[in-house]
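Scope of the values below: all heavy atoms of this structure, side chains included, with no hydrogens, waters or symmetry mates.
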Amino acid sequence: MTVEPPWDRRGSLRRHSRLFAICLIVLFAHACLPLEVSVGKNNLITAINGSNVTLPCSFMACIGFNTVTFSWIYSSLNSSLKPEELYKGTLKDKKSTPKPEVIVNRNERMERVQLLPSNETKDYNLSLLLKYVDFDDTGRYTCVVKNEKEKGATHNATIILKVVDKFEDVDNTLTLIIVAAVGGVIGLLILILIMKKIITFIIKRNRDKKKDCLVSSSVNDNTDNASKQESKAKPKA
């Protein structure tokens with residue numbers, strides 16, 4: 001059997017340690033490099049005609065960011081219409097304030113948008129306030145962010161805005177029926193369990209009474225038999 005020298009073991013261990021460290025660095029870089037853009041859990045927003053609506057958007061990058069370019073693009077649900085750039089700006093770093101860029105071909109919708117201030121969280125806020133929405137504002141709003149640290153890679157997330165005259169009343173009849181049915185079944189199960197406990201208790205108590213009666217009867221019989229034997233054993237005078 002060949003025995004590996006101690007120095008070869010140490011060299012092999014160092015090589016494996018370096019390989020493990022390189023794998024960790026590659027995995028961390030792969031998971032951490034991409035910038036992530038989010039518009040929240042629900043990407044469908046319903047607003048009443050004439051109201052103000054916030055279009056949420058935030059981004060985060062675990063390696064930080066440098067000279068981020070961002071924009072908001074509106075696309076009508078009618079695919080034949082061209083997308084419109086509503087807002088465009090740059091951001092040097094998280095401590096700086098976004099600087100808007102000039103959009104040459106402005107329209108009425110652009111005059112009703114306002115970038116909201118950032119919040120104090122790990123995500124940087126690029127939410128847009130759209131004022132006095134009307135039915136023509138229904139469509140897709142895409143938040144686009146490009147980070148120079150990622151060699152100009154572009155990330156985006158989309159919100160669908162639906163403008164209505166009034167909110168529809170939600171019919172909860174089916175929900176109430178389901179809740180009532182489930183509640184009735186649970187109540188019936190509880191009642192069955194209670195009745196089972198009561199019946200078990202009554203049966204057990206009756207059994208205990210019968211046992212007591214049998215024991216008492218047996219004691220009495222034994223006492224009577226003993227008395228009879230004693231009376232027979234006594235001699236006649």
Side-chain angles (χ1 to χ4, degrees), residues 25-164:
I25 292 171
V26 171
L27 288 173
F28 178 76
H30 179 73
C32 195
L33 278 177
L35 180 145
E36 183 180 355
V37 181
S38 173
V39 292
K41 295 181 179 180
N42 185 13
N43 66 340
L44 176 62
I45 297 177
T46 304
I48 296 178
N49 183 32
S51 64
N52 298 341
V53 62
T54 298
L55 305 175
C57 177
S58 62
F59 74 88
M60 64 173 294
C62 58
I63 61 168
F65 58 89
N66 184 19
T67 314
V68 163
T69 302
F70 66 93
S71 61
W72 275 95
I73 298 174
Y74 165 75
S75 302
S76 174
L77 297 179
N78 185 355
S79 58
S80 62
L81 300 177
K82 292 183 178 181
E84 302 173 6
E85 198 168 38
L86 296 179
Y87 194 96
K88 189 175 182 180
T90 57
L91 185 64
K92 185 177 180 181
D93 52 46
K94 192 169 183 179
K95 294 181 180 179
S96 62
T97 303
K99 294 182 179 180
E101 294 185 3
V102 177
I103 299 176
V104 179
N105 298 322
R106 298 186 64 84
N107 56 29
E108 183 271 337
R109 188 179 287 108
M110 296 179 187
E111 301 298 332
R112 294 187 284 114
V113 297
Q114 175 187 342
L115 190 71
L116 296 176
S118 179
N119 48 15
E120 298 295 328
T121 63
K122 64 179 180 179
D123 300 345
Y124 201 92
N125 186 26
L126 297 177
S127 299
L128 199 69
L129 178 66
L130 180 60
K131 301 177 181 179
Y132 314 117
V133 295
D134 56 35
F135 297 106
D136 291 335
D137 292 327
T138 297
R140 299 181 181 89
Y141 293 80
T142 303
C143 179
V144 183
V145 182
K146 183 168 71 173
N147 188 11
E148 292 300 328
K149 269 196 174 184
E150 296 182 40
K151 298 180 181 181
T154 302
H155 307 272
N156 63 77
T158 301
I159 295 172
I160 299 176
L161 176 64
K162 181 181 178 182
V163 181
V164 297

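The minimum heavy-atom distance between I73 and P83, with the atom names listed, is CG2-CB, 3.8 Å. Y124 approaches T97 most closely through the heavy-atom pair OH-CA, 4.4 Å. Nearest heavy atom pair, residue I45 against residue P56, reads CD1-CD, 3.7 Å. The shortest heavy-atom contact between F135 and V164 is CE2-C, 3.8 Å. Contact detail for P98 and L91: the closest heavy-atom pair is N-CD1, 3.7 Å. Residues T90 and E101 come closest through the heavy atom pair CG2-OE2, 2.8 Å.
With a 4.5 Å cut-off on side-chain heavy atoms, R109 and D136 count as touching. Looking at heavy atoms from C-beta onward, W72 lies in side-chain contact with C57 at the 4.5 angstrom threshold. Counting heavy atoms from C-beta on, the side chains of N49 and V163 come closer than 4.5 Å. Using a 4.5 Å cut-off on side-chain heavy atoms (C-beta onward), L130 and Y141 make contact.
Side-chain atoms of N125 come within 3.5 Å of backbone N or O of P117 as a donor-acceptor pair. Using a distance-only test at 3.5 Å, with no hydrogens or angles considered, no donor-acceptor pair links the side chain of R140 to the main chain of T158. Under the 3.5 Å distance criterion, the side-chain polar atoms of N52 are matched with a main-chain donor or acceptor of Y132. In terms of modelled atom types and a separation under 3.5 Å, the side chain of D134 and the main chain of D137 share a donor-acceptor contact.
The line from OG1 of T46 to CD1 of I160 is 10.5 Å long, rounded to the nearest 0.5 Å.
No more than 12 heavy atoms of other residues, nucleotides or ligands lie within 6.0 Å of CD in E36, so this atom counts as exposed by the packing criterion.
Donor-acceptor pairing under 3.5 Å is recorded for the side chains of S80 and N78.
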